Amino acid sequence: MPEGHTVRRQATRLLRVLGGRRVRASSPQGRFADGARLLDGRVLRSTDAHGKHLFAGFATSETARPDRWLHVHLGLYGVWLEQDHDPEGPEPPRGAVRLRLTAGSTTADLRGPTACEVLTAPQVRDVHDRLGADPLRRDADPEAAWQRLRRSRTPVGALLMQQDLVAGVGNVYRAEVLFRAGLDPHRPGSAVDREMWDRLWADLVALMRAGVRAGRIVTTRPEHRVRRSGPASREDAHYVYRRTGLPCRVCGTPVVAEPFVARTLYRCPVCQAA
DNA sequence: GCTAAATGTTGAT
DNA sequence: TCAACCTTTAGCT
């Protein structure tokens with residue numbers, strides 16, 4: 001589930017349902033008992049997303065500035081589950097719930113995150129500082145990313161996944177944006193020209209914004225789908241991601257998959273020729 | 001019904 | 001380089 005667009009949605013959602021309210025925090029699973037205690041009884045004042053990292057600012061009152069932040073990274077399995085319930089209380093936790101946040105009749109359960117911790121302001125700044133340009137953020141600095149990319153011999157397909165370069169891109173957006181650009185993932189960053197980088201960045205901004213709106217990743221243009229009208233079906237959502245052996249939507253060549261930097265890389269060998 | 005893989009990162013070896 | 005985190009789903013039988 002979680003690439004940058006998902007985390008952005010969750011940040012918005014969390015603020016909408018729990019923002020401005022005094023929150024009960026607990027760790028039914030027990031692993032985050034100390035952290036939950038630090039948040040329990042505080043007011044959720046703000047949320048933010050940078051790449052795949054979510055921050056939630058908690059304060060002592062409805063008007064105070066946040067003085068501690070919940071920092072969550074979902075990793076591969078992590079998930080937020082929200083429930084509406086009557087005032088007597090939420091349903092008992094299902095599965096291993098690391099953190100439960102409740103205000104009024106709304107509860108958000110966090111399960112399976114890679115990171116879940118309470119940070120101070122300087123520590124939050126440290127996390128931001130080691131993250132790169134997020135296509136979903138207004139303060140993103142694609143120029144800095146370009147300056148690093150153009151000096152790197154690392155394949156562009158690997159660079160796009162480096163969160164300190166571009167934040168929020170995962171395996172789906174990586175594969176899809178490279179396909180849409182007609183770019184071989186193995187090409188070194190230094191062999192990507194400025195025009196191509198600008199195109200990649202603009203496409204990431206457009207695709208990820210669409211992902212935030214739709215709540216899912218859709219990268220295909222209608223003319224490349226089996227069903228050309230209406231919302232894209234699950235089968236029609238991607239050009240190459242998880243389409244190993246299926247014909248490329250543009251040229252018909254079977255899509256190939258290969259292990260690449262500890263992940264599976266999908267591409268069309270013709271549309272993305274070296 | 002079972003197994004493997006999955007949109008990710010960290011920390012140990 | 002690999003295990004761990006922890007759950008869901010796709011693809012088998």
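Not measured: the values here are computed from a predicted model. Per chain, numbering begins at 1; letters A, B, ... match sequence-line order.
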Engineer: Determine whether the aromatic ring centres of residues A/His238 and A/Tyr266 are separated by less than 6.0 angstrom.
Structural biologist: no
Engineer: How long is the line joining CG of A/Asn171 and C1' of B/dT9, in whole Å?
Structural biologist: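 Atom-to-atom, A/Asn171 to B/dT9, this comes out as 14 Å.
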Engineer: Can you see if the side chain of A/Lys52 gets near the phosphate of B/dT9 - specifically, an N or O under 4.0 Å from OP1 or OP2?
Structural biologist: yes
Engineer: Separation of A/Glu235 atom CD from C/dT9 atom P, in whole Å?
Structural biologist: 15 Å
Engineer: Does a nitrogen or oxygen in the side chain of A/Arg263 sit under 4.0 Å from OP1 or OP2 of B/dG8?
Structural biologist: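 Yes.
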Engineer: Is the distance from OP1 or OP2 of B/dT9 to the nearest side-chain N or O of A/Gln163 less than 4.0 Å?
Structural biologist: yes
Engineer: OP1 or OP2 of C/dT9 less than 4.0 angstrom from a side-chain nitrogen or oxygen of A/Arg234, does that happen here?
Structural biologist: no
Engineer: So, is A/Tyr266 close to the B/dA5 phosphate, meaning a side-chain N or O under 4.0 Å from OP1 or OP2?
Structural biologist: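 So the side chain of A/Tyr266 is outside the cut-off, no N or O lying under 4.0 Å from OP1 or OP2 of B/dA5.
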Engineer: Does A/His186 form a side-chain hydrogen bond (donor to acceptor under 3.5 Å, both in side chains) with A/Gln272? I'd like the steps, not just the answer.
Structural biologist: CA-CA 10 Å; A/His186 302 92; A/Gln272 298 172 266; over 6 Å; no
Engineer: Taking the C1' atom in each of C/dT1 and B/dT7, what is the distance between them to the nearest angstrom?
Structural biologist: 23 Å
Engineer: Using atom CE of A/Met161 as one end and atom C1' of B/dG8 as the other, report the distance to the nearest whole Å.
Structural biologist: 8 Å
Engineer: Contact class for A/Arg9 vs. all strands (heavy atom < 4.0 Å): base, sugar-phosphate, or nothing?
Structural biologist: nothing
Engineer: Using a strict 4.0 Å threshold on nitrogen-to-oxygen distance, state whether A/Glu62 and A/Arg22 make a salt bridge.
Structural biologist: yes
Engineer: Could you tell me whether A/Gln29 contacts a base, only the sugar-phosphate backbone, or nothing, with contacts defined as non-hydrogen atoms closer than 4.0 Å?
Structural biologist: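 Here A/Gln29 touches the backbone only, sparing every base.
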Engineer: So what does A/Gly112 touch, heavy atoms closer than 4.0 Å: a base, only the sugar-phosphate, or nothing?
Structural biologist: sugar-phosphate
Engineer: Pick the P atom in B/dT13 and in C/dC5, then give their distance to the nearest Å.
Structural biologist: 14 Å
Engineer: Can you tell me, in whole Å, how much space there is between the P of B/dA5 and that of C/dC2?
Structural biologist: 14 Å
Engineer: Would you please confirm or rule out a distance under 4.0 Å between OP1 or OP2 of C/dA4 and any side-chain N or O of A/Thr114?
Structural biologist: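 For A/Thr114, the contact criterion (side-chain N or O under 4.0 Å from OP1 or OP2 of C/dA4) is not met.
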Engineer: Atom CZ of A/Arg174 and atom P of B/dG8: how far apart are they, to the nearest Å?
Structural biologist: 9 Å
Engineer: Can you tell me the distance, in whole Å, between the OH atom of A/Tyr77 and the P atom of B/dT9?
Structural biologist: 13 Å
Engineer: In whole Å, what is the span from the CG atom of A/Leu54 to the P atom of B/dT7?
Structural biologist: 21 Å
Engineer: Closer than 4.0 Å, any side-chain N/O of A/Tyr173 to the OP1 or OP2 of B/dT7?
Structural biologist: no
Engineer: With a 4.0 Å cut-off on N to O distance, would you call A/Asp164 and A/Arg130 a salt bridge?
Structural biologist: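 Salt bridge between A/Asp164 and A/Arg130, a charged N being under 4.0 Å from a carboxylate O: no.
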Engineer: Please work out which of the three classes, parallel, tilted or perpendicular, describes the rings of A/Tyr239 and A/His224, given edges at 30° and 60°.
Structural biologist: perpendicular
Engineer: Got a salt bridge between A/Asp40 and A/Arg24, using NZ or NE/NH1/NH2 to carboxylate O under 4.0 Å?
Structural biologist: yes
Engineer: Consider the side chain of A/Arg111, meaning its heavy atoms from C-beta on, and name the nucleotide among B/dA6, C/dT7, B/dT10 that approaches it most closely.
Structural biologist: C/dT7
Engineer: Using the P atom as the reference point in each nucleotide, state the distance between C/dC6 and B/dC2 in Å, no decimals.
Structural biologist: 23 Å
Engineer: Taking only side-chain nitrogens and oxygens of A/Arg98, does any of them come within less than 4.0 Å of OP1 or OP2 of C/dC5?
Structural biologist: no
Engineer: Nearest whole angstrom, please: distance from the P of C/dT9 to the OH of A/Tyr241.
Structural biologist: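 The distance from OH of A/Tyr241 to P of C/dT9 comes to 13 Å, rounded to the nearest Å.
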Engineer: In whole angstroms, how far is the P atom of B/dG8 from the CZ atom of A/Phe260?
Structural biologist: 14 Å
Engineer: Kindly point out which of C/dT7, C/dC5, B/dT7 is positioned nearest to the side chain of A/Arg31?
Structural biologist: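 Closest of the options to the side chain of A/Arg31: C/dC5.
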Engineer: Between A/Arg242 and B/dA5, does any side-chain N or O lie under 4.0 Å from OP1 or OP2?
Structural biologist: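 Answer is no, no contact under 4.0 Å.
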